[in-house]
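To start, the structure under review is shown below, and the notes come after it.
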Amino acid sequence: MAILNNIKLKYFRNFKNYEISFDRKLNIFFGKNGCGKTNILEAISLIAKGRGIRNTNITNLIKKKEDNFLINSNLEIQNNLFDIKIFTENKNNKYKKVITINDDLSKDSLEFLNESISYLIFLPEMERLFQASPSFRRNFLDRLIFSGKNDYNRLINKYKYTLLERNKILQNNSFDYNWLNQIEKEICFLGLEIYQLRNNHLNSINKILNFLKNEHKFQFQLEMKLLDKNFNISLNFEKYLKILHDSRISDKQFGGTKIGPHRSDIVAIIDNDFEASLLSTGQQKTVVLMILLAQCYHLINYKNIQPILLFDEIVSHLDNFNRQLLLNMINKFEIQFFLTGTDKDLFSFVSTNSQFYNINAT
Ligand SMILES: Nc1ncnc2c1ncn2[C@@H]1O[C@H](COP(=O)(O)OP(=O)(O)O)[C@@H](O)[C@H]1O
Ligand SMILES: [Mg+2]
């Protein structure tokens, strides 16, 4: 289990030199718009592989007019302390994120860090999860899967690469049939794995939601499903391969592969009756919180992973029920929480001891 003891930000976003020590349980950042609350969550989320919660270009992280940033954190993993540093390196005019663990740059260290830390994230745009594009929902689901399976991104990236490769071959007027056959097999292999992982994950979240329903007095029943023209339980390698083979000409015209997990959507059905997109904004936030609660339960109980929760602007639009849901999470799980909101008063319902930080960039 990983716990962040502190973070020091140097020339990171709007921070010149800033340090905060964290509580092991509940940390609440408040302050006016633009003071840097999301930037702090972003800095925390960068302590892992990847580009952080904003998925931004690394150069945007450097404070304007400066040359580099430094995030420094004291991280506790299974009672051992590690000194984490994150900064950028410019190689042939390309900026790269560098992480060191006790000043060690090796791949093994980074793997160790990645295996030890996992984030569960709420961002304000997730309130509109069911109004957003299918790709937003796919990414949402993929992040959940990734938080319990840290090689999942590699699978997604490999799959995307094979799609690009197939398209390149199709656009080339003289196909190399051997290469095309090979790539299509690879697509089926990877695509099936993604379908299965996503489908299994949704099933697992559905089961947990059902099971938690009484304990948390959920107002409705929620069931999530993959919506996909190509995928059903009986889809197998041969069928998938044949579909790809038969769609070469139309895919060539279309300029890409029309079927596969990169085209899936996720629907949430309420009370076996209607889609979550019909709910009010506040209710949709409830649905997202329910999913995150179930995900937290999944990670802790089935994966033996203690996630760190980063919940940005969590208290806006929270009705009493949503507040209770958030409180239940705080009381139920012995994990580290980082919450943000514009006003301290918005968090007065949180009774547990918590550390409040009035953020003022310096
Ligand atoms: N690279 C950067 N250099 C300097 N300031 C930045 C940089 N990137 C973002 N900012 C500033 O950070 C502020 C936004 O911080 P943010 O954490 O999103 O605020 P909030 O507290 O509302 O979440 C804005 O004022 C923005 O101009
Ligand atoms: Mg913000």
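Just so you know, ligand 1 is whichever comes first in the structure, and atom 1 is the first atom listed for that ligand. What you see below is based on every heavy atom in this structure, not just the backbone, and it leaves out hydrogens, waters and symmetry mates. The structure displayed is predicted, hence computed values, not measured ones.
Considering backbone and side-chain atoms alike, Lys37 places an N or O below 3.5 Å from some N or O of ligand 1. Any N or O atom pair closer than 3.5 Å counts here, and Leu61 shares no such pair with ligand 1. Note: an N/O pair closer than 3.5 Å links Asn39 and ligand 1 by distance alone.
Asn14 CB, 3.8 Å is the protein heavy atom nearest to atom 11 (C) of ligand 1. Atom 23 (O) of ligand 1 has Thr38 OG1, 2.7 Å as its closest protein atom, hydrogens excluded (heavy atom only).
Residue contacts to the Mg ion (ligand 2): Thr38 brings an N, O or S atom closer than 2.8 Å.
A salt bridge does not link Lys37 to Asp312: none of the charged nitrogens lies less than 4.0 Å from a carboxylate oxygen. Ion pairing between Arg248 and Asp246 fails under the 4.0 Å rule for side-chain N and carboxylate O. Between Arg137 and Asp265 a salt bridge is recorded (basic side-chain N to carboxylate O distance below 4.0 Å).
To the nearest 0.5 Å, atoms CG (Leu244) and OH (Tyr240) are separated by 6.0 Å. Remark: Lys285 NZ to Phe321 CZ distance equals 14.0 Å, nearest 0.5 Å.
Contacts between Arg54 and ligand 1, counted as non-hydrogen atom pairs separated by less than 4.0 Å, involve the side chain only. At a heavy-atom distance under 4.0 Å, no atom of Thr340 approaches ligand 1. Residue Asn60 touches ligand 1 through its backbone alone, judged by heavy-atom distances below 4.0 Å.
When the heavy atoms of Gly34, Ala43, Gly31 are ranked by distance to atom 20 (P) of ligand 1, first place goes to Gly34. Considering each of Arg13, Glu66, Lys64, the one bringing a non-hydrogen atom nearest atom 27 (O) of ligand 1 is Lys64.
In this structure, Lys158 places its NZ atom where only 12 or fewer heavy-atom neighbours from other residues, nucleotides or ligands lie under 6.0 Å away. Heavy atoms from other residues, nucleotides or ligands lying under 6.0 Å from CZ of Phe274 number more than 12.
Close approach to Asn33 involves these atoms of ligand 1, each under 4.0 Å from a residue heavy atom: 22 (O).
When Glu334, Glu76, Gln355, Gln336 are each tested for a side-chain hydrogen bond (donor to acceptor under 3.5 Å, both in side chains) with Arg24, only one passes: Glu76.
The cationic atom of Lys213 (NZ for Lys, CZ for Arg) does not lie both less than 6.0 Å from the six-membered ring centre of Phe218 and within 45° of the ring axis.
Residue Gly36 places a heavy atom less than 4.0 Å from ligand 1.
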